[in-house]
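These notes concern the structure reproduced below.
All heavy atoms count here, side chains included; hydrogens, waters and symmetry mates do not. The shown structure was predicted, so the numbers you read here are calculated from the model rather than taken from an experiment. Atoms within each ligand, like the ligands themselves, are counted from 1 in listed order.
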Amino acid sequence: MNTRENYPRRAEQALSPLSAEAADTCARCGFCKIHCPTYPFGGGFETYSPRARLHFLRAYCQGREKLTPEWVDRLYRCTSCERCEAVCQTGIPLVRLWEDIRAESVRRGLGPMPAHKRVREMAEKFGNPYGEDPSRQTHWLTPEHTPAPEAETLLFGGCTGTYKMPGMLRTGVAVLSRLGFAFTYAGGEECCCASPLLRTGQVDAALSLIARNLDLFARRKTRLIITPCGGCSKTLKKDYPLYARRLGKPFDIQVMHFSELYVRLLREGGLKPSRPVDKTVTFHDPCHLGRSQGLFREPREILAAIPGLRLTEMPGNREASRCCGAGGGVKANYPQMAGDIARDRLREAEATGADCLVTMCPFCMGSFKQAIEESGSSIQLCGLEELLWASLE
Ligand code: SF4
Ligand code: SF4
């Protein structure tokens with residue numbers, strides 16, 4: 001039975017007899033353990049492997065185990081990278097199960113971890129997980145950006161792209177403005193997409209943010225949302241339809257990550273990179289862009305369209321891409337482990353001999369920026385948007 005296909009996506013995030021049934025199909029092969037980026041940081045103990053987390057979950061659903069602070073800690077040491085799910089030969093919906101049991105730990109007052117509670121407090125107070133004053137949300141805009149007061153397409157900047165790593169957003173939107181692409185922007189009104197809360201099991205807090213964004217989309221009569229963020233695009237595509245139904249609000253909106261939009265513009269002929277960019281680059285597939293949304297081909301199609309650019313792949317690419325270490329609330333609560341994972345991935349990028357590590361998610365950018373600073377690496381780091389911009393006449 002392919003439980004990945006059959007296991008329901010539920011807006012309430014809850015364990016059920018189906019969860020135990022899904023876990024029961026585990027063949028105990030351990031492939032997930034070998035590929036999990038966080039397992040090596042559990043001191044070699046099996047209890048820190050996805051296989052063990054799954055067996056705990058099944059026993060918990062069957063009433064044979066109790067959630068303890070130790071198990072809750074292990075369950076939060078997961079970046080939601082989906083690598084385990086990609087390699088699982090029995091098709092177990094592992095990441096949905098991880099989110100469901102985290103939500104269960106929150107319901108029982110054992111989760112989330114302290115840093116995740118602060119994220120929720122900031123998001124509830126300021127509408128973003130960083131505690132930034134929302135009046136700063138438009139700080140990245142420059143005169144070369146041309147958002148219209150009204151348009152069917154709404155730019156969703158995302159909190160990390162807006163407040164922490166604005167270069168990708170600024171440059172990516174400059175490309176669209178140069179092409180005369182029509183879009184509007186709700187700077188000052190946009191809320192966190194709620195991904196940090198959904199990944200850490202804080203469903204009720206996530207709902208209020210989602211409701212605010214749904215109301216914004218309705219007010220703006222949005223037909224298409226575009227965003228530079230892998231995490232936001234995943235959440236808007238996969239979670240918003242479920243939560244909109246639960247909230248009784250409409251969400252009949254197409255969502256495109258910038259990579260999809262650029263490819264569309266390339267194919268239509270409006271986007272024509274022509275100036276050579278003499279660089280050898282390697283591309284990091286963000287987990288929530290690649291494995292979550294299947295967007296592996298799009299970034300490579302854009303890179304291939306830039307004259308003079310050479311792509312050299314890391315061994316871990318596409319489905320086999322390795323995590324940057326930041327997702328699933330890991331960077332917030334386990335910064336040492338997140339940094340170790342990012343530096344490990346950075347070494348893989350350096351080993352290709354590329355001049356530049358390229359990615360398409362501000363969250364991954366932030367991880368690698370820190371890893372480069374801490375390790376003294378000489379590899380350059382840039383968003384694909386910057387290469388595209390450099391190739392425009
Ligand atoms: S989602 Fe990633 S980090 Fe989490 S258990 Fe699976 S492989 Fe490990
Ligand atoms: S890869 Fe799948 S079948 Fe194998 S141990 Fe992990 S969860 Fe079980």
#### Entry: Heavy-atom nearest neighbour in the protein, as seen from atom 7 (S) of ligand 1, with distance rounded to 0.1 Å
Cys84 N, 3.3 Å
### Message
Whether Arg264 and Glu268 form a salt bridge (side-chain N of Lys/Arg under 4.0 Å from carboxylate O of Asp/Glu) is what I want to check.
### Response
yes
### Task
Tell me whether the centres of the aromatic rings in Tyr185 and His145 are closer together than 6.0 Å.
no
### Task
Please work out whether any backbone atom (N, CA, C, O) or any side-chain heavy atom from C-beta onward of Thr25 is under 4.0 Å from ligand 2, and answer side chain, backbone, both or neither.
neither
### Query
N/O/S atom of Cys29 under 2.8 Å from atom 4 (Fe) of ligand 2, yes or no?
yes
### Task
May I ask you to check whether Cys36 brings an N, O or S atom to under 2.8 Å from atom 8 (Fe) of ligand 1?
yes
### Query
Would you call Arg300 and Glu313 a salt bridge, taking side-chain N to carboxylate O under 4.0 Å as the test?
yes
### Query
Is the closest heavy atom of His35 to ligand 1 under 4.0 Å?
no
### Query
Is it the side chain, the backbone, both or neither of Lys33 that has a heavy atom closer than 4.0 Å to ligand 2?
neither
### Task
Please work out whether any backbone atom (N, CA, C, O) or any side-chain heavy atom from C-beta onward of Tyr39 is under 4.0 Å from ligand 1, and answer side chain, backbone, both or neither.
neither
#### Entry: In one Ile/Leu/Val/Met/Phe/Trp/Tyr side-chain cluster, 4.5 Å: Val255, Phe296
no
### Query
At the 4.0 Å heavy-atom cut-off, does Leu94 count as touching ligand 1?
no
### Message
Tell me whether ligand 1 is touched by Arg53 - counting only heavy atoms on the residue side and a distance under 4.0 Å.
### Response
yes
### Query
Looking only at protein heavy atoms, which one is nearest to atom 4 (Fe) of ligand 1, and how far off is it?
Cys78 SG, 2.3 Å
### atom 4 (Fe) of ligand 1 to nearest N/O/S of Cys81 below 2.8 Å
no
